[in-house]
Amino acid sequence: MVTDDGFEIRSTGTVGGVRWDRLRRIDAFKRDLFTEDLVCLAFTQDDVAGYLEVNEDVEGFWDLVRRIKQRLPGSDQTWEQEVVQPAFARSHRVIYERASG
């Protein structure tokens, strides 16, 4: 669920979430699942160890992608084509990184 403050991933409860004001970096990549690729985003936040990974199988993923572009106009606005093509090839791109300072 995407909100003005960020987003939450829910299953039988809240699995994880990201606040826009704490967002430090977003990495886009794809996983090769042998018969198909899986587009993924990894979100790194201030004061949170590790990262939250979300993939295109999660309901609302592409809505989240659209919201990122709206909310973070300095983010890479055309990353999808670079990450998705060619099929079954390794692909990684930093699509957002907050300026330090």
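Owing to the predicted nature of the structure, the values given are computational and were not obtained by experimental measurement.
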Quick check on the hydrophobic clustering: are L41 and V39 connected, directly or via other members, by side-chain heavy-atom contacts under 4.5 Å? yes

If I compare all heavy atoms of K30 with all of A87, which pair ends up nearest, and what's the gap? NZ-CA, 3.8 Å

Minimum heavy-atom separation for G50 to T44, with atom names? O-CG2, 4.2 Å

Give a yes or no on whether the backbone of G17 and the side-chain of Q45 come within a donor-acceptor separation of less than 3.5 Å. yes

Which value, rounded to the nearest 0.5 Å, describes the distance between R19 atom CZ and D46 atom CG? 11.5 Å

How close do V48 and R24 get, counting heavy atoms only, and between which atoms? O-NH2, 4.5 Å

Heavy atoms of V94 and R25 approach each other most closely as CG2-NH2, 3.0 Å

D4: partners by salt bridge (Lys or Arg N to Asp or Glu O under 4.0 Å), with sequence neighbours left out: R67

May I ask you to test the I26-L72 pair for a side-chain heavy-atom distance under 4.5 Å? yes

Please say yes or no: joined through hydrophobic side-chain contacts below 4.5 Å, possibly via intermediate residues, are V18 and L64 part of one cluster? yes

R98 and L23: which non-hydrogen atoms are nearest, and at how many Å? NH1-O, 2.9 Å

Mind checking salt bridge (Lys or Arg N to Asp or Glu O under 4.0 Å) for R22 and listing every partner two or more places apart, or none if nothing turns up? none

Side chain proximity check, D37 to V84, heavy atoms < 4.5 angstrom: no

Indicate yes or no: at least one non-hydrogen side-chain atom of I68 is less than 4.5 angstrom from one of Y96. no

Just grab all the ring pair (Phe, Tyr, Trp, His ring centres under 6.0 Å) pairs involving residues 43-91, residues at least two apart or on different chains. F7-F43

Can you measure from CZ (R31) to CD (E36) and round to the nearest 0.5 angstrom? 13.0 Å

Strictly by modelled atom types, are S75 and Q77 linked by a side-chain donor-acceptor pair under 3.5 Å? yes

